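Just so it is clear, the model here is predicted, and its values are computed rather than measured.
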Amino acid sequence: MTIRVIIVDDQAMVRAGFAALLSAQADIDVVGEAPDGREGIRVSRTVHPDVVLMDVRMPELDGLSAARELLDPPPGVTHRPKVLMLTTFDIDDYVYEALRAGASGFLLKDAPPADLIAAVRVVASGEALLAPSVTRRLISDFVRQRPTPRKDPALRLNGLTPRETEVLELIARGLSNQEIAAHLVLAEQTVKTHIGRVLGKLDLRDRAQAVVFAYEAGLVRPGEQG
C-alpha cells in the first residue's frame with residue numbers, strides 16, 4: 001500500500017528536497033505541500049494524507065498549533081493523519097508539547113536521507129518514532145523540569161494489570177516490541193495485544209504519548225537506565 005505524505009515547511013528548498021527523496025520510493029507518494037501551518041491544515045483536509053511532515057517553526061501558524069488542529073479536529077472532520085515533526089533543534093519546547101498533543105515523533109532536519117524515509121514508514125505503520133536516543137533525551141530533559149509526577153497519570157496507572165504496567169515501562173525505556181517480547185519471554189503478538197490494551201485503557205493515541213505518560217506518572221524517572 002502506498003503511503004500518502006504531505007510536507008509542511010516554510011523553506012521551499014526543504015520541501016523540494018524532501019519531496020524528491022520521498023517520491024523516489026516505490027511505496028511513498030508525496031500528494032501535497034504547504035509553506036505554513038494554516039495552509040498545511042487545509043491541504044491535509046483536502047488530500048487526506050497518511051503522514052504529515054510538519055516543521056516546528058513556521059509563519060502564520062506554527063507546527064505545534066497545526067499539529068494540534070490536525071490531531072484534535074473539530075466535529076465533522078474525521079480524517080486524522082499521523083504527524084511527524086521536523087526540527088533543526090534536538091531540544092525544543094515545541095517538540096515535547098507536540099508529543100503530548102499526539103504527534104508520532106520527531107526527526108532532525110539534518111538526519112540522513114535513509115532516516116527520513118524510514119521515519120515515514122515507521123510512523124505510517126502506526127508506530128512512534130522513539131528509537132533515536134535524542135528523542136528519549138528530549139523527553140527526559142523536559143520531564144526533569146517537572147520533577148513531581150502529576151497525580152492524574154499516577155492514579156490512571158491503577159487501571160493497568162501488573163503485566164501491562166511492565167510493558168508500559170519498557171515502552172518508556174525505548175524498547176521495541178521484539179525487545180519487550182525477549183525481555184518478558186512473551187510472543188511478539190502478545191506484546192502487541194498488551195500495548196493495545198495499555199493505549200486503550202489510558203486513552204493514548206500511540207507509543208509517543210505512552211512514553212510521555214509514563215514519565216509524567218513517575219513510572220520511569222529521567223536518567224534511569226533500562
Lys/Arg N to Asp/Glu carboxylate O, [X] vs [Y], below 4.0 Å:
{"X": "K109", "Y": "D9", "answer": "yes"}
{"X": "E60", "Y": "R38", "answer": "no"}
{"X": "D50", "Y": "K82", "answer": "no"}
{"X": "D10", "Y": "R57", "answer": "no"}

Decide yes or no for [X] and [Y]: does some side-chain heavy atom of the first lie under 4.5 Å from some side-chain heavy atom of the second?
{"X": "L108", "Y": "L86", "value": "no"}
{"X": "H79", "Y": "P73", "value": "no"}
{"X": "N177", "Y": "I195", "value": "yes"}
{"X": "R163", "Y": "L186", "value": "yes"}
{"X": "R15", "Y": "P35", "value": "yes"}
{"X": "I3", "Y": "V51", "value": "yes"}
{"X": "V123", "Y": "V83", "value": "no"}
{"X": "L107", "Y": "L53", "value": "no"}

If I take atom [atom1] from residue [X] and atom [atom2] from residue [Y], how far apart are they, to the nearest 0.5 angstrom?
{"X": "S44", "Y": "M54", "atom1": "OG", "atom2": "CE", "value": "7.5 Å"}
{"X": "T161", "Y": "H194", "atom1": "OG1", "atom2": "NE2", "value": "6.5 Å"}
{"X": "L168", "Y": "L202", "atom1": "CG", "atom2": "CG", "value": "6.5 Å"}
{"X": "R42", "Y": "L61", "atom1": "CZ", "atom2": "CG", "value": "14.0 Å"}
{"X": "H48", "Y": "R80", "atom1": "NE2", "atom2": "CZ", "value": "13.0 Å"}
{"X": "I7", "Y": "L84", "atom1": "CD1", "atom2": "CG", "value": "11.0 Å"}

Is it true that I41 and V47 fall in one hydrophobic cluster, defined by side-chain heavy atoms closer than 4.5 Å? yes

If you apply the rule side-chain contact (heavy atoms from CB on, under 4.5 Å), what do you find for F213 with L157, and how did you get there? CA-CA 10 Å; F213 179 94; L157 281 174; 3.8 Å; yes

Start with the C-alpha distance between V31 and V5, add both sets of side-chain angles, then the distance that settles side-chain contact (heavy atoms from CB on, under 4.5 Å), and finish with yes or no. CA-CA 6 Å; V31 295; V5 177; 6.0 Å; no

Trace of the side-chain contact (heavy atoms from CB on, under 4.5 Å) decision for V120 with L22: CA-CA 9 Å; V120 168; L22 294 173; 4.0 Å; yes

Give me the atom names and distance for the closest heavy-atom approach of [X] to [Y].
{"X": "R121", "Y": "Q25", "value": "NH2-OE1, 3.6 Å"}
{"X": "V30", "Y": "S23", "value": "CG2-OG, 3.4 Å"}
{"X": "P74", "Y": "R45", "value": "CD-NH2, 3.4 Å"}
{"X": "L160", "Y": "V198", "value": "CD2-CA, 4.3 Å"}
{"X": "I171", "Y": "V211", "value": "O-CG2, 3.7 Å"}
{"X": "E164", "Y": "G159", "value": "OE1-O, 4.4 Å"}

Hey, is the main chain of S176 close enough, under 3.5 Å, to the side chain of E179 for a donor-acceptor pair? yes

Steps toward side-chain contact (heavy atoms from CB on, under 4.5 Å) verdict (E33, V43): CA-CA 7 Å; E33 60 178 67; V43 172; over 6 Å; no

